[in-house]
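Keep in mind that the numbers below use all heavy atoms, side chains included, and drop hydrogens, waters and symmetry copies.
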Amino acid sequence: MSSPPSRWTTVIVLLIVAMVVARSLVAALVPVLPWLAIALVGGGGLGVIGLLLLRRSSRW
């Protein structure tokens with residue numbers, strides 16, 4: 001049986017590979033996650049403040 005692999009086997013293999021990659025990424029990011037969260041929240045806050053300042057300055 002030398003038929004090419006069906007679509008389902010390719011999908012399953014891709015899913016397994018994606019799961020393995022995701023697990024290794026999570027394992028690599030665990031020590032950095034608190035800093036990443038702080039950076040995201042801080043960046044979001046700075047962005048909002050910047051937008052407010054821009055809106056305020058554009059009024060006059």
Under the criterion side chain to side chain contact (heavy atoms under 4.5 Å, CB included), which of L52, L46, L51 is the partner of V48? L52
Which ILVMFWY residues can you reach from L14 by hopping between side chains whose heavy atoms are under 4.5 Å apart? none
Hydrophobic clusters join Ile, Leu, Val, Met, Phe, Trp and Tyr when side-chain heavy atoms are under 4.5 Å apart, directly or via other members; which others share one with L40? none
Show me, pair by pair, the donor-acceptor contacts under 3.5 angstrom made by side chains of residues 15-34, not counting sequence neighbours?
unit_1: S24; atom_1: OG; unit_2: V20; atom_2: O; d: 3.3
unit_1: S24; atom_1: OG; unit_2: V21; atom_2: O; d: 2.8

